[in-house]
Amino acid sequence: MFRLRVCYGKIGRLRFLGHLEVCGALERAVRRARLPVAYGQGFHPKARLAFGPALPVGTAGDREYVDVYLTDHVPAVAATEALVSASPEGLPIRSAKYVATNAASVAAAVVAAAYEVGFVGLSEGDTAAMERGIEALSRQDAIEVTKRERTRTYALEEALIRRPRLATDRPTPTLELWLALSDQAPMPPEAVAGVVSSEIDSEHFLRIARMECYAREGDGRDGFVSLSGVET
Amino acid sequence: MASPVHLAICLAYPDAYEVGMSNLGLQILYSALHELEGVVCERTYVPATDMADELRKEKIPLFSLESTTPVGDFDLLGISLQHELTYTNVLELLDLAGIPLRSGDRGEDDPLVVAGGPCVVDPEPMAPFFDAFLIGEADEAIVELADALVLAKQEGRGRAERLAALGALDGVYVPAYYETDPATGQLFPKGGAPARVKRRLVADLDAVPVPNRMIVPFVEVVHDRCSVEIMRGCTRGCRFCQASTIYRPVRERSRRTVARAAQELLSLTGYEELSLASLSTSDYTQIEELLRELKGYTGPRAIATSLPSLRADAFSIELAELVARVKRTGLTFAPEAATQRLREVVNKNVTEAQLMGTIERAFSAGWRRVKLYFMIGLPTETDEDVAAIGELVGRVLARAREVAGPKDRGAVKVSVTVSTFVPKALTPFQWEAQLPLAEVGRRQDILRAAVPRKGVQLSWHDPEMSRLEGLLARGDRRISDLVEAAWRDGARFDAWSEHFVPGRWWDAAAHLGLDVAALAERPRRLEDPLPWEHLDYGLETGFLLRERERALRGETTEDCRWGECSLCGVCQSYGVDNVLFGRASGAA
C-alpha cells in the first residue's frame, strides 16, 4: 500500500461545493487519472481517499490535502500529471508526494489553518472601524456565536493562533486569520469576521478562503509548519 | 483556432438540475451537437422557487450554465418533455428567460422554441407555447435541425423563414400551420402543411454512435451514473404502456459496441456506476454475455453495474450472480397486477411462479431488498384484484424471508409503490376511463388493509397528480389555457409533493369552464377523433383496437421478437424490423 498526499485547491465556482461533493469529485478525478487506487470492503466499496477537515459551502481552499491510497507505486511526477489532466478547473492539483503509510492522517495532523476573509462592498471609513474591531477583540477572552438557536462560546486563547491582521493593499479589504482546527467544533472564520465588523453599517458580503493547513512542527507547542512542509 | 459560431443552441430540461441531469436523452443530444462545427450547445434547468424569486427580484434573466449567457440570446431553445407534470415548469422557464410564452407573440430576436420527448405524442396541451415539436427520435433529426438553422442564419433568413426551414424537415410539427376545430379539437393543416407528421425513427441503433462524452455533475443528481443505451423499444406489448408502442420496433446495440463504449465512457468520466439503459434490460438478447465481458473492466475498479427495467420473468440465476458480483444496487420489478386474470388483460405476461422464482434467485444471490410496482384502476379491475396485491406482497415477503434465512429475516425489505392507471395516447387503453378520485381512495383502502403491516413499505403516487396527468396526457389544444392559468396562479414543480397544489388546477379549470371530471375521467368513444391523429407513429389504429378487444376478452398477445407479428404497423410503415444480435427467447 502506498500513500500519496495530494495538495489541491477548491476555487472559482467550485467554492460552492459542499464537503461531500468535493470528496466525490476528487474520487472521480482519481479514477479518471487511472491511478491504481485501493478500494474498501463491503457492499459499496469506495475508493480509499482520506480527506482533511471539511470546507463549508462558499468557502474556497487554496491548499487542501487528501491522501490517496494506491496499491502500486506510481512515480509522483507521473501521478501528479495524470491528476492534473483529470481534474476540473475548480479543483486544481497543486502537487503530490508520497508519505509514510503510518504517518498521521491529514485530519489528525492538521491543527491550525490560515484564512482570508475578503469584505466586498465596504465604504470609506469601514476599514478604520475594522481595525478598532481587531483591537477590541484582542482584549476579549471569548466570542459567542448564536446559530439556529444554539449558542457556542469560543475561548480565544485556544482558538486564535495569532492576532488577526487587516490587509488593505488588496482589491478588497481582507482580514487574515490564523485559527486552531483540531477541536471538534473549531471556531469558524465567520465568527471572528462578525465581531471585527460589528460596527460596520454598509451592506457587504464575505468571500472566505482557507489558504493553508498547518501541522505542529516537531513536538514544539508554538511552531507550525504547512502540511506540505511536513517531513514524513 | 476555434471556428466561428454559426448557431447557439440551449438544451433545457423543465425541472430541477438534479432531475434534468439524470435524463439520458439530453446527454445524447448534447454530445451529438458538440460534434458539429460552429455550433455552441449549452444547458439550462428550472431554478428552485427561491432562486427563481431572486432572479425575478434582481431582474436577472435565466441563463445557461456553461457561460451564463441569457437563454433568450440563443438561436434555438430545445426543451425535453418527459412528463406532463413538468408543463407549468416549461412556462416558468420561458418566463424566467424573458421569452414570450406564446409562439405567436415571439419576435425576430427570440429563440425558436422546440420540444421533443415522449410527451409530444400528444403535444396539443402545449402547442401554443412551442414554435415546433420534434416527433420521435432526435438522434439524427437534431443534426438536421442544426444544419437547417445554420444555413438559414447564414442566408440572413427572418424568423418565419427559419421556422419554415424547420417545418420542412421530416418529423417536425409546427402547430401554427394547423387550425383547430373548436368543437372536436381536431386539427386541419393550413397551406402546404402535411396532413400528418410522421415520427422520426432510427432504423439501426448500432449505427448511431454512443455518446463519446458525458457531463459529470459535481452535485449529487437523481441518477448519478454512466448510462449507456443498450437497446431501444420494447415489444412485450403491455397494453397500458405508451413506451411499448411509440418506440417500436426493438433495436439492440451490438454487445461489442456497448462494451467498448461503456469502457471508454467509464474511463473518461470516472463514474463508479454503469447503467445499461433500455425499456426492458433483461430482454437484451446477449445480456449475460455482455455482463461477463464488462465484469473484466468493472470488477477491478469496483464499478457497480445496474440494470434498470428488469422483468420478473427474465431474471436468471446467471444474471443474478453477474450483477451481484461487485455491488448490489436495488432490484425493482413491476408485476402491475396481482391476479393472473388481470395481468393477462393488460398483457403483462408474468406468472406468479415466475415472480416467486425470481425472488428466490435474487434473495439466494444475496439481495435483501426488492421494490415492486403495482397499478390500480386498470380496465376490468375488481375489488378482489386490488386486495390480491396485498396478498401477493405478503407471499413475496414470506418467500423472501424464507430464502434469506433466520439470521437475515429482519434485513428483508419489500417496498411497494402503487400508482393509479392513467390512460395514455397511442396505447390500446387510450379510450379507457380513468378512475375518479373517490374510487381511487376506496381501492387504496382495500389494498392497505390487505398488505402485511410489518416488513413492507407501502407508498402511493398522489392520486390528484395522476388525475392531472390524465387530464394533460389526452388533452387537446384548449387545455393549454388551463396550463397557463395554473402557472399564473403559482403552479410550478407540480411533480414535487411539496409544491403541488391541486386546488390551483381545479379552480383554474372551473374558471375556464372546463369539466375536469369529464375530461380526465371519461372514456373516449371509439368513433370520436382524437387530438393526436395528426401525428403518425406508424401504428395502425386497427392494432390498438384489436389489442383493446383482446384485453377485454383476457387474451394475451405474444412478443413479436419470438412470436408472431401482431401487425402493429410500424415495421410495414417504415420498412424496418426488430434488430436483435442474439437469439430471442421469451423467458429465462
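Chain letters run A, B, ... following the sequence lines, proteins first, then strands; residues in each count from 1.
- A cation-pi contact, defined as under 6.0 Å to the ring centre and within 45° of the axis, links Arg301(B) to Tyr297(B).
- Glu116(A) and Arg207(A) are not joined by a salt bridge, as no carboxylate oxygen comes within less than 4.0 angstrom of a charged side-chain nitrogen.
- Considering only heavy-atom pairs separated by less than 4.5 Å from chain A, the leading option among Ser267(B), Pro217(B), Gly270(B) is Gly270(B).
- When heavy atoms are compared at a cutoff of 4.5 Å, Leu20(A) does not approach chain B at all.
- For chain B, the nearby part of Pro88(A) is the side chain; its heavy atoms alone come within less than 4.5 Å.
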Discussion item. Test side chain to side chain contact (heavy atoms under 4.5 Å, CB included) on Val117(A) and Glu190(A); report intermediate values, then the result.
Written reply: CA-CA 8 Å; Val117(A) 181; Glu190(A) 292 90 332; over 6 Å; no
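- Classification of Glu92(B) and Arg56(B) as a salt-bridged pair holds, one side-chain N sitting under 4.0 Å from a carboxylate O.
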